[in-house]
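Bear in mind the structure is a predicted one, so any value in this text is a computation, not a measurement.
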Amino acid sequence: MSYISKEEKKIPINDPSGKWSDLHLLPEWEEKYYNVYTVRKHGKWVMLKALKPEYSDKPEYQAILEKEFDIRYNLCHPNIVMVNDMEIVPGVGKAIITDDAYGYSLRRLIDEKRLTPKIVHRLQTQLLDAMEYIQENHIQHVPITPDSIIFTEYNENLKLANVGYDQADTLSEQDTRVDIESYGKVINEVLDNLPASLPHLRKIAKKCEDPDSSYRTVADLQLAMERRSSSQLYVFLCVFIAVMAALLMWLSFV
């Protein structure tokens, strides 16, 4: 069973073929026009994104759903929830079918105080990799939040959900800045809920939210992360060499 939501609502599903079973609504992932579900398809858990009943029969909203499917179907990245198909599901209607994000949302991990160093590292690496891929493919999307970031249950790999809404010939500076600002907000909230202080990461996160920041693309942000990591590695190596030199000197006098 998927654990991406704190509250799951099971819905009766009538499918004589046996193809679909165990349908659950995920209120945590509700969007303005869409409901999100988990369900078994031929016994395997998948996720569904479908129009809410009040919009499902309106052609203009059906076109929006189909456009999102066309955009997301062509995305392929290990840190993005992948779209597999679009089908008519009993009791739901036409729905985008994705891989099941078997794990926990970052929102839930924050609320339950279950953040780990590995999760912080994934946010510094895998989330930025996914965001860079989105920008490279000129994908316009709603701002990334802790609710749309999933960590798989067993290895805590990051999966970004619901990223593809529209595709442009090129992204505006405003589009890319929204990504940077969203990243800063996510990291700042995580840091607010960590027992340890990470001043270097806090500095980067605050700079992300500064409208006058020099970070204009995800690539700029990745470079800042790498510079910090390289600096830390350099300091570590210097300290290690100094300690080893002192140890050798001490041994030579023993």
[atom2] on [Y] to [atom1] on [X], rounded to 0.5 Å:
{"X": "Ser214", "Y": "Leu221", "atom1": "OG", "atom2": "CG", "value": "10.0 Å"}
{"X": "Leu201", "Y": "Ile204", "atom1": "CG", "atom2": "CD1", "value": "6.0 Å"}
{"X": "Leu127", "Y": "Lys159", "atom1": "CG", "atom2": "NZ", "value": "13.5 Å"}
{"X": "Asn188", "Y": "Lys206", "atom1": "CG", "atom2": "NZ", "value": "7.0 Å"}

Please say whether more than 12 non-hydrogen atoms of neighbouring residues, nucleotides or ligands are located less than 6.0 Å from [atom1] in [X].
{"X": "Lys203", "atom1": "NZ", "result": "no"}
{"X": "His138", "atom1": "NE2", "result": "yes"}
{"X": "Lys19", "atom1": "NZ", "result": "yes"}

Salt bridge (Lys or Arg N to Asp or Glu O under 4.0 Å) assessment of Asp192 paired with Arg202: CA-CA 9 Å; Asp192 288 343; Arg202 177 73 79 177; 3.0 Å; yes

N/O donor-acceptor pair under 3.5 Å between [X] side chain and [Y] backbone:
{"X": "Lys49", "Y": "Leu65", "answer": "no"}
{"X": "Gln167", "Y": "Gln140", "answer": "no"}
{"X": "Asn79", "Y": "Leu158", "answer": "yes"}
{"X": "Ser213", "Y": "Cys208", "answer": "no"}
{"X": "Asp175", "Y": "Ser172", "answer": "yes"}
{"X": "Thr152", "Y": "Asn157", "answer": "yes"}
{"X": "Tyr215", "Y": "Asp210", "answer": "no"}
{"X": "Tyr183", "Y": "Ile144", "answer": "no"}
{"X": "Asp100", "Y": "Trp45", "answer": "no"}
{"X": "Glu173", "Y": "Arg216", "answer": "no"}

Residue pair Met47, Ile96: steps toward the side-chain contact (heavy atoms from CB on, under 4.5 Å) verdict: CA-CA 8 Å; Met47 291 178 64; Ile96 296 174; over 6 Å; no

Electrostatic pair Glu181-Arg177, nearest N-O below 4.0 angstrom: yes

Salt-bridge present (Lys185, Glu209; N to O < 4.0 Å): no

Going by heavy atoms in the side chains, are [X] and [Y] under 4.5 Å from each other?
{"X": "Arg40", "Y": "Trp20", "answer": "no"}
{"X": "Glu189", "Y": "Arg107", "answer": "yes"}
{"X": "Glu132", "Y": "Gln222", "answer": "yes"}
{"X": "Glu30", "Y": "Asn35", "answer": "yes"}
{"X": "Leu160", "Y": "Gln126", "answer": "no"}
{"X": "Glu68", "Y": "Ile64", "answer": "no"}
{"X": "Ile119", "Y": "Val190", "answer": "no"}
{"X": "Asp166", "Y": "Ile71", "answer": "yes"}

Test item: side-chain donor near acceptor, Thr116 and Glu156, under 3.5 Å: yes

Report whether [X] and [Y] are members of the same hydrophobic cluster (ILVMFWY, side-chain heavy atoms less than 4.5 Å apart, transitive linking).
{"X": "Leu25", "Y": "Val89", "result": "yes"}
{"X": "Leu128", "Y": "Val186", "result": "yes"}
{"X": "Ile180", "Y": "Val178", "result": "no"}
{"X": "Ile11", "Y": "Val46", "result": "yes"}

Cationic tip of Arg122 above Phe151 ring, under 6.0 Å, 45° of axis: no

Step-by-step side-chain contact (heavy atoms from CB on, under 4.5 Å) determination, Leu106 to Leu123: CA-CA 10 Å; Leu106 179 59; Leu123 292 169; 4.1 Å; yes

Qualifying residues under ring-ring contact (aromatic ring centres under 6.0 Å, His included), relative to Tyr61, sequence neighbours excluded: Tyr33, Tyr55

Chi angles and distances behind the side-chain contact (heavy atoms from CB on, under 4.5 Å) call for Leu48, Leu23: CA-CA 10 Å; Leu48 307 176; Leu23 179 67; 4.1 Å; yes

Derivation and outcome, side-chain contact (heavy atoms from CB on, under 4.5 Å), residues Asn84 and Asp99: CA-CA 7 Å; Asn84 299 322; Asp99 292 340; 2.9 Å; yes

